[in-house]
Amino acid sequence: MQDKNGMNSKTKEKKKISDIKGFSSFTSALMAIVVGLLFGFIVMLLANPNNAVAGFRYVLLGGLGRFGDVLYFATPILMTGLSVAFAFKMGLFNIGASGQYTMGMFFTLYVAFMFNLPPSIHWIVAILAGMIGGMLWGFIPGIFKSLLNVNEVITSIMTNYIGMYLVDMLIRSNEAMYIPSMTRTKYIPQQVQIRSLGIAGSNVNFGVIFAILIAILLYVVLQKTTFGYELKATGYNKHAAEYAGMNGKRNIILTMVIAGALSGLGGAFAILAPSEIIGSSMTYEPINVIAANGFNGIAVALLGNSHPIGTIFSALFISYIQRGGTLASLVGYKPEIIDLVIAVIIYFSAFAAIMSSGIRRIFSNRREKESLITEPQIGESSENVDSGGNDEIEKNTNKEAE
Amino acid sequence: MDTFYYLVQNMLPVSIPLLLVALGGMFTERSGVINIGLEGTMLTGAFAGALFAFAVQGSGLSPNMILLLGMIVAAIAGAIFAQLLSFAAVTMKANQVIVGTAMNMMMPALILLVSKMFFNSDGITTNVRYFIRKVPVLGDIPVIGDLFFKNTYLTVMIGFLILIISTIVLYKTKFGLRLRACGEHPHAADSVGINVSKMRYIGVTISGILGGIGGYFYSVGITDGNINGHNGVAGFGFLALAVMIFGQWQPIKIMFAALFFAFLRTLAYSIPLIPFLANLNIPTDYYKMMPYVATIIVLALTSKNSRAPKAEGIPFDKAQR
């Protein structure tokens, strides 16, 4: 776009893009969501035309009455979403969030059952253990990528499988935490569980608050620290960043370790959740299935445009339609319909940005014509830029990196 | 010796899906498109093939006839499904890895949805017996007959036939040369009048066909003709990608890589039959992890002198220089 404009209008053009950028990532996410939901509706119509409208209403509005559950189920996918989003910023695709999540869960379970600690710190140690488990599992693709230049996508898919088999095996062989007759782990002791937020009719707990705080922390790290700046610069242009003296290899490992830590925390928050029924808790079933929450994290990250704050909202949205999807089974549909919708949303969000940039081009052309007529508006538009200052910084990094 | 025959007889049906799907991956990558969605493509083929077999299993067709027809159905389904990738990657210039991931997530959900709503189960169960105890005449040859033509499936012979055809197409035809050019240097190909987009569409479609057939052969040779939405194809689509990389994007090397991975997997499932390994008393789960661990090691070893097509994963933009 820059090439089309002369040097004179360059500064003006820069402001204009940043003015529209946040808007355009929002519209492209919205576009992907609408197409995904529409696809879901068509599948519902094909499967059972009579109940399609009622089922679709459940999907759209069903989550409203269950706000606590929406928050509760959003917690793990917010963490895996942050994990994927953080790696995206660096230009890495962390498809291994599932394995890191499962590994974190196992480390947490291990501390919960095998360690004998005072109740006041036991749950904190368990959460930190989950983080370490995830870090370990994120470290593997990181080190292979940085030292041997092995594609992180394939290694992290492999670590998903290895992690799943390993955790299932370790849990099955541990008598302290596994009940063979029920093919699940024992209930976690009360003292290790994260305290409930006390919303009636749901298991929502302090985990969601921790997750949101972590998202905000990540935002600060990305925007305000040298490390965050280096990460983004490397993500935009690896060679330029290296030329500027940034240690690309170290940053790749660090990014994957942090991404792993985030997924691992997701696993810890998921398994340490309290249950409404006294004396029970969440359990893990070692049945050789890869955790779906890791893959849903990819959808969350894409919809949130890899922005930590955007990720909070997209996690809430995905959780919301998942709640709706379970309610749709009341009229004969299966909850898998939502998995399908999520997959379609991911598919379209892969090129929704391109579609919306086409629309944006039409928009900006029109604006250009308008601004020719009413030239003195420039002062006003620069005010808008200040309000969206963060986007501006991001844009500048982009420029410099290029 | 019997153990050896047993291992080979069990290894071949496992290696064929890997071989076919890796060949499919090779065709797309040689044209310049990365296909992470092979796992989903395999599931599509397996599901379509199993649905077909389910529909005709009472009609008196012989199992091998069903297999041949089911193979065509699976190929068509895979080819159609692959258009999701070619449209997004070639026409829309989208991120190919994300599109592939979406394709992988789509199919298990769709299979579970359809099976739960219409079959009241998690997948499709057929009762066609594809197993061949002994191929007439060929099975009587000493050693070779024991290795290749006893206790086997028709898929093995079809698989090797497709390998030969693929090798010829890739190296001995005008089309193969053009396809490889699009993956190495699309702009050079474009400058001599080759339609890069068209070649990439064809490359992705071939991977859809082979991926679909591979998925159906997985269900025939490994899960007795059944397919289930939860277990899917157990990561074979991803393993096939590793096989392709290990095979350095060349058909014959891909065959050896597929045999190697199939051997590891067969070993994992036949530990009790091999006295030496059974005595070690290592839990079988370790062996189940082996193909995946081996993938990482193999990739680490081959990454230094990788011969990946240079333009793979980069959308073709005519205006770019």
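We name chains A, B, ... by the order of the sequence lines, and we start the count at 1 in each one.
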B/Tyr286 and A/Tyr165: side chain to side chain contact (heavy atoms under 4.5 Å, CB included), yes or no, with the steps? CA-CA 8 Å; B/Tyr286 277 114; A/Tyr165 279 120; over 6 Å; no

Nearest 0.5 Å please: distance from the NZ atom of B/Lys288 over to the CE atom of A/Met169. 11.0 Å

Go through the steps for A/Ser329 and A/Tyr58 under the test side chain to side chain donor-acceptor pair (under 3.5 Å), then give the verdict. CA-CA 9 Å; A/Ser329 58; A/Tyr58 274 122; over 6 Å; no

Answer with yes or no whether the side chains of A/Asn94 and A/Ser83 bring together a donor and an acceptor at under 3.5 Å. yes

Most heavy-atom pairs under 4.5 Å with chain B, out of A/Thr155, A/Val344, A/Asn48, A/Ile157, belong to A/Ile157

Heavy-atom contact with chain A under 4.5 Å, split by part of B/Ile36: side chain

Here the pair of heavy atoms bringing B/Ser207 nearest to B/Val204 is OG-O, 2.8 Å

Under 6.0 Å from the CZ atom of B/Phe256, do we count more than 12 heavy atoms belonging to anything else shown? no

Part of A/Leu147 lying under 4.5 Å from any heavy atom of chain B: backbone

Start with the C-alpha gap between B/Phe54 and B/Phe119, add the side-chain angles, then the distance that decides, and say whether ring pair (Phe, Tyr, Trp, His ring centres under 6.0 Å) holds. CA-CA 11 Å; B/Phe54 184 81; B/Phe119 297 92; 5.2 Å; yes

A/Leu340, part contacting chain B, at a heavy-atom distance under 4.5 Å: both

Point-to-point distance, once rounded to the nearest 0.5 Å, from CD1 of A/Ile171 to OH of A/Tyr178: 9.0 Å

Side-chain contact test, heavy atoms from C-beta onward, threshold under 4.5 Å: evaluate it for A/Ile253 versus A/Phe139 and give yes or no. yes

Evaluate B/His230 against A/Ile287 for side chain to side chain contact (heavy atoms under 4.5 Å, CB included), listing each step before the verdict. CA-CA 10 Å; B/His230 282 302; A/Ile287 48 171; over 6 Å; no

Check whether A/Ile95 gets within reach of chain B through its side chain, its backbone, both or neither, counting any heavy atom under 4.5 Å. side chain

With a 4.5 angstrom heavy-atom cut-off, could you sort out which part of A/Ile290 is near chain B: side chain, backbone, both or neither? neither

Distance (rounded to the nearest 0.5 Å) between A/Leu45 CG and A/Asn50 CG: 10.0 Å

Heavy-atom nearest pair, A/Gly294 first then A/Thr80, reads CA-CG2, 4.1 Å

Can you classify the ring geometry of A/Phe41 versus A/Phe56 as parallel (below 30°), tilted (30 to 60°) or perpendicular (above 60°)? tilted

Output for pair (B/Phe47 CZ, B/Leu51 CG), nearest 0.5 Å, gives 4.5 Å

First locate atom CE of B/Met107, then atom CG of B/Leu112, and finally report the distance between them rounded to the nearest 0.5 Å. 10.5 Å

Among residues 258-270 of chain B, residues within the sub-4.5 Å heavy-atom range of chain A, in order of number, are none

Which portion of A/Val43 sits near chain B, non-hydrogen atoms under 4.5 angstrom: side chain

Looking at chain B, which one of A/Tyr161, A/Phe93, A/Phe144 has the largest number of heavy-atom pairs inside 4.5 Å, strictly under? A/Tyr161

Distance from B/Leu38 atom CG to B/Leu85 atom CG, nearest 0.5 Å? 9.0 Å

Counting only heavy atoms closer than 4.5 Å, note whether A/Phe88 contacts chain B via side chain, backbone, both or neither. side chain

Leading residue by heavy atom contact count with chain A [cutoff under 4.5 Å; candidates B/Met103, B/Lys116, B/Gln96]: B/Lys116

If you count heavy-atom pairs under 4.5 Å with chain A, which of B/Leu84, B/Asn104, B/Thr302, B/Leu301 comes out on top? B/Leu84

Do you know which of B/Ile296, B/Leu299, B/Val99, B/Thr101 has the most heavy-atom pairs with chain A at a distance under 4.5 angstrom? B/Ile296

Taking side chain as everything from C-beta outward and backbone as N, CA, C, O, which of these in B/Phe118 sits under 4.5 Å from a heavy atom of chain A? Side chain, backbone, both or neither. side chain

Comparing A/Tyr333, A/Tyr347, A/Phe295 against chain B, the one with the most heavy-atom pairs below 4.5 Å turns out to be A/Tyr347

Proximity of residues 240-248 of chain B to chain A, residues having a non-hydrogen atom under 4.5 angstrom: B/Leu241, B/Ile245

